[in-house]
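Have a look at the structure below, then the notes.
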Amino acid sequence: MTAYNTTNHTDSDGSEMKPIYILNGPNLNLLGLREPKIYGQETISDLEARCAAKAKSLGQEIVFRQTNTEGELIGWVHEAQSKACGIIINGAGYTHTSVALHDALKAVNIPTVEVHLSNVYAREPFRHHSYISPVAHGVICGFGGQSYELAL
Ligand code: DQA
């Protein structure tokens, strides 16, 4: 998906500023159509635009991506180690199943915030366990698209 890193920002020491990777897992491409009572009317493009606007206001670059495959998500986490200053991740269903995603985040060890649109703790018990939380610096859930803004 779009990478909002077209301008060449630099840090105060003149070094190139790295973007925050905002990584989205399976079925989030269906936002807007998918269970709107839980996930709202916002599409993934709306969410991307919301993140881009917030990042701009913070002077921060982002790379925003979505995938339906676990291996691709893990590849992006690996890529983030050298290319990003932090990760915001909505692992979607893989949050609750993926030891491999847990291991990848642990391996790269860069600041990571786990986000969810819905309050997973107010939902089915199988959503109460996250493989991401133990390797994240923080978790934000239940605020819809605002969860992402808070994470930024
Ligand atoms: C979700 C919550 C997950 O339990 C679910 O599998 C998703 C979306 C959220 O953003 O609320 O796909 O991560």
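Order of appearance sets the numbers: ligands from 1, and atoms from 1 within every ligand.
Among Val115, Leu30, Leu117, Asn24, the residue whose heavy atom lies nearest to atom 10 (O) of ligand 1 is Leu117.
Leu73 and Val139 end up in different hydrophobic clusters when Ile, Leu, Val, Met, Phe, Trp and Tyr side chains are linked at under 4.5 Å.
With hydrogens and angles left out, the side-chain atoms of Asn24 and Tyr148 include a donor and acceptor closer than 3.5 Å.
Between Tyr131 and His129, the ring centre distance stays below 6.0 Å.
The residues Arg65 and Glu79 are annotated as salt-bridged, a charged nitrogen and a carboxylate oxygen being separated by less than 4.0 angstrom.
Here is the list of ligand 1 atoms found below 4.0 Å of a heavy atom in Gly93: 6 (O), 12 (O).
Ligand 1 is approached by Asn90 to a heavy-atom distance shorter than 4.0 Å.
Scanning the protein heavy atoms around atom 5 (C) of ligand 1, the nearest turns out to be Arg127 NH1, 3.3 Å. In this structure, the protein non-hydrogen atom closest to atom 12 (O) of ligand 1 is Arg34 NH2, 2.9 Å. Counting protein heavy atoms only, atom 3 (C) of ligand 1 is closest to His96 NE2, 3.5 Å. The protein atom (non-hydrogen) at minimum distance from atom 1 (C) of ligand 1 is His116 ND1, 3.6 Å. The protein heavy atom nearest to atom 2 (C) of ligand 1 is Val120 CG1, 3.7 Å. Nearest protein heavy-atom neighbour of atom 11 (O) of ligand 1: Ser118 OG, 2.6 Å.
For the pair Ala55 and Leu152, the tightest heavy-atom approach, listed with the atom from each and the gap, is N-CD1, 4.1 Å.
Sorted by first then second residue, the side chain to side chain donor-acceptor pair (under 3.5 Å) pairs that include residues 98-114, not counting sequence neighbours, are Glu70-Ser98, Glu114-His116, Glu114-Ser130, Glu114-Ser133. Within the structure, the salt bridge (Lys or Arg N to Asp or Glu O under 4.0 Å) test picks out no pair touching residues 128-148 (sequence neighbours left out).
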